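What follows is a short report on a single structure.
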Amino acid sequence: MTEKIGIGRYEAEAIAAAGPSRRYDRVVRLAQAIFGMPIAALNLIGHEHQYTVSAIGFPTGTIPVDDSICRVTVQHDETVEISDLRQDERFAHIPAVLEPPRIRYYAGVPVRGQSGQNIGALCVIDLVPRRMGKQQLEMLADLGALLEHELAVQEEMDLAGTVQRQMMPSQAPDIAGVEVAGRVQPAREAGGDYYDWFVVNDAADGSRRLEVVLGDVMGKGLAASLIASEVRAVLRGHSRFTNIGCAVTETSRTVSNDLESNNKFSTLWAGQLDPVTGALDYVDAGHGLAMIVSNRGSRRLTQKYLPLGMPVLENWAMATDVLAEDEILIVVSDGFFDTLDDSFEKVDEHLKYVLEPGLTCQQIVDLIVDYAIAHDATDDVTALALRRIDPAAPVNPTETN
């Protein structure tokens, strides 16, 4: 027997905290079907608890690690089989043996995490004593190896989502006279939606403007998130040297090969606000979901341009509007629009709720995204809100999700 748990316990708890994954469910269902036993489960072993993250015939959740059978399995390199748990002094006293479901047979294979240490076990359980043959135990080990692969893929996806979220702005911009907030809720761990804001200094007149961006790369998952990160970074670079129309045009030319080779396109809305005058220059590259709202009504900020990555290259020219002091700029992705049956009338109706006095921009984007989540959004959902405020007001950190 070798000690295999060390740092693996931290890893197990991190994976359990990330929540359930359908990746695990497929393998657990397969184990239950192959061996024909009433219970199959993936259990992760932490410092004080066993975390059942996927199971058939047994509830998911936590139990004290002292009541776990898999706590012993993770200390081995090979499959552990116990024909009758009542006859094993290590487990004869645990609740699952003494009380319903009164389990009797256990076979478990250790599962490693990316650290190389055992973090849990895939197990099958019966309510009567029994033995499995050598070939069956080898099949269980094969399923354990498959589950290790699924865990590794899931960890990589979780990490990609974390990195993508951390790349988006989480602090208020260093410019007086504005309040801004954004939030993205990917349909998977990572997604093609993104938002951004940053300060642009105008060398010609010395003014400072806030650029805000919301983009949506076609598709979901890791591939879309990689391209979204590229578009965001390239636009940031070009925006510091030219107006917003030229910046979008140059961004499209820079990323066109990557978009085309991956059969992707990206809608994009980008605007630059002068907090002093309220002048708002913007470009709408096939996005169509930006609007200025107030108690006096709403107006959409759209142009008839194609998204980035389409076969026809555009030369985007900026349009101009003015954001009054009592107005809010709101930009959303089509994941929110889809939950309103693609109806702009419903958008206008919903946005009335975000105009309640006293709501911060962060509360506004939370209301929008939470609404989409509650209405079973199937796509990435993103919202961004911007308003002008008293320039003397302190610049406070903006919390984002």
Side-chain angles (χ1 to χ4, degrees), residues 164 166-182 184 192-217 225-259 265-290 292 301-303 305-310 313-323 329-331 333 382 384-388 395 398 400:
Q164 184 184 35
Q166 290 176 343
M167 290 177 65
M168 296 183 197
S170 60
Q171 299 292 319
D174 183 21
I175 185 172
V178 297
E179 180 194 0
V180 63
V184 60
D193 279 13
Y194 66 94
Y195 64 86
D196 199 8
W197 61 71
F198 51 91
V199 177
V200 177
N201 297 308
D202 192 322
D205 59 14
S207 64
R208 305 178 78 228
R209 301 166 70 87
L210 180 69
E211 182 162 329
V212 294
V213 180
L214 194 149
D216 181 359
V217 175
S225 74
L226 291 172
I227 295 176
S229 296
E230 178 188 14
V231 175
R232 172 182 173 271
V234 172
L235 180 60
R236 270 197 170 214
H238 287 306
S239 295
R240 301 188 185 281
F241 303 103
T242 186
N243 67 59
I244 190 66
C246 293
V248 172
T249 300
E250 291 303 315
T251 297
S252 176
R253 291 172 179 169
T254 302
V255 303
S256 60
N257 287 337
D258 291 337
L259 287 167
F265 65 84
S266 174
T267 67
L268 176 71
W269 193 95
Q272 288 187 358
L273 173 71
D274 184 332
V276 178
T277 66
L280 178 64
D281 300 332
Y282 68 90
V283 169
D284 179 13
H287 194 72
L289 296 172
I292 290 177
L301 304 183
T302 63
Q303 295 175 295
Y305 288 124
L306 294 173
L308 281 63
M310 299 300 285
L313 289 178
E314 297 269 22
N315 287 311
W316 285 269
M318 66 186 185
T320 300
D321 207 300
V322 176
L323 184 67
L329 169 67
I330 294 177
V331 193
S333 66
T382 306
L384 183 145
L386 170 68
R387 61 153 59 102
R388 296 166 66 196
V395 178
T398 299
T400 58

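Just so it is clear, the model here is predicted, and its values are computed rather than measured. The figures that follow rest on heavy atoms only: side chains count, while hydrogens, waters and symmetry mates do not.
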Heavy-atom side-chain contact between Leu329 and Val180 under 4.5 Å = no

One should read off an interatomic distance between Asp281 CG and Met318 CE, to the nearest 0.5 angstrom, of 4.0 Å

List the atom of Trp197, the atom of Val212, and the distance in Å for their closest heavy-atom pair.
-> CB-CG1, 4.0 Å

Under 3.5 Å, side chain of Glu179 to main-chain N/O of Arg387, donor-acceptor pair present?
-> no

State whether the side chain of Glu211 and the backbone N or O of Ile244 hold a donor-acceptor pair below 3.5 Å, judged by distance alone.
-> no

Say you draw a straight line from OG of Ser225 to CG of Asp193; how long is it, rounded to the nearest 0.5 Å?
-> 11.0 Å

Can you tell which of Val255, Thr254, Val217 makes a side-chain contact (heavy atoms from CB on, under 4.5 Å) with Glu230?
-> Val255

Is the shortest heavy-atom distance from the side chain of Asp258 to the side chain of Ile227 under 4.5 Å?
-> no

Side-chain contact, heavy-atom cut-off 4.5 Å: Thr251 with Leu268?
-> no

Tell me, do Arg209 and Val178 make a side-chain contact under 4.5 Å, heavy atoms counted?
-> no

Distance-only, no hydrogens or angles: does the Ser239 side chain make a donor-acceptor pair with backbone N or O of Arg236 under 3.5 Å?
-> no

Got a second to check how far Thr267's OG1 is from His287's NE2, nearest 0.5 Å?
-> 5.0 Å

Hey, does Glu250 have a side-chain heavy atom less than 4.5 Å from the side chain of Thr242?
-> no

Minimum-distance pair of heavy atoms, taken over all atoms of Gly288 and Thr302 = CA-CG2, 3.9 Å

Within the side chain of Arg232, is there an N or O that forms a donor-acceptor pair under 3.5 Å with the backbone of Leu214?
-> no

Answer with yes or no whether the side chains of Ser333 and Asp216 bring together a donor and an acceptor at under 3.5 Å.
-> no

Please check if the side chain of Arg388 supplies one atom and the backbone of Pro275 the other of a donor-acceptor pair under 3.5 Å.
-> yes

Test side chain to side chain contact (heavy atoms under 4.5 Å, CB included) on Trp269 and Leu301 and set out the steps.
-> CA-CA 9 Å; Trp269 193 95; Leu301 304 183; 3.8 Å; yes

pair Ile292-Leu323: side-chain heavy atoms closer than 4.5 Å | yes

Within the distance-only criterion (no hydrogens, no angle test), does the side chain of Tyr194 pair as donor or acceptor with the backbone N or O of Val184 below 3.5 angstrom?
-> no

Hey, mind stepping through Leu259 and Leu308 against side chain to side chain contact (heavy atoms under 4.5 Å, CB included) and telling me if it holds?
-> CA-CA 8 Å; Leu259 287 167; Leu308 281 63; 4.0 Å; yes

May I ask you to test the Asp321-Tyr282 pair for a side-chain heavy-atom distance under 4.5 Å?
-> yes

Could you pull out the closest heavy-atom pair between Val199 and Pro173, with the gap in Å?
-> CG2-CB, 4.2 Å

Side chains of Leu306 and Phe265: does their closest heavy-atom pair fall under 4.5 Å?
-> no

Closest non-hydrogen atom pair, Gly278 against Leu273 | O-CD1, 3.6 Å

Under 3.5 Å, side chain of Thr249 to main-chain N/O of Gly245, donor-acceptor pair present?
-> yes

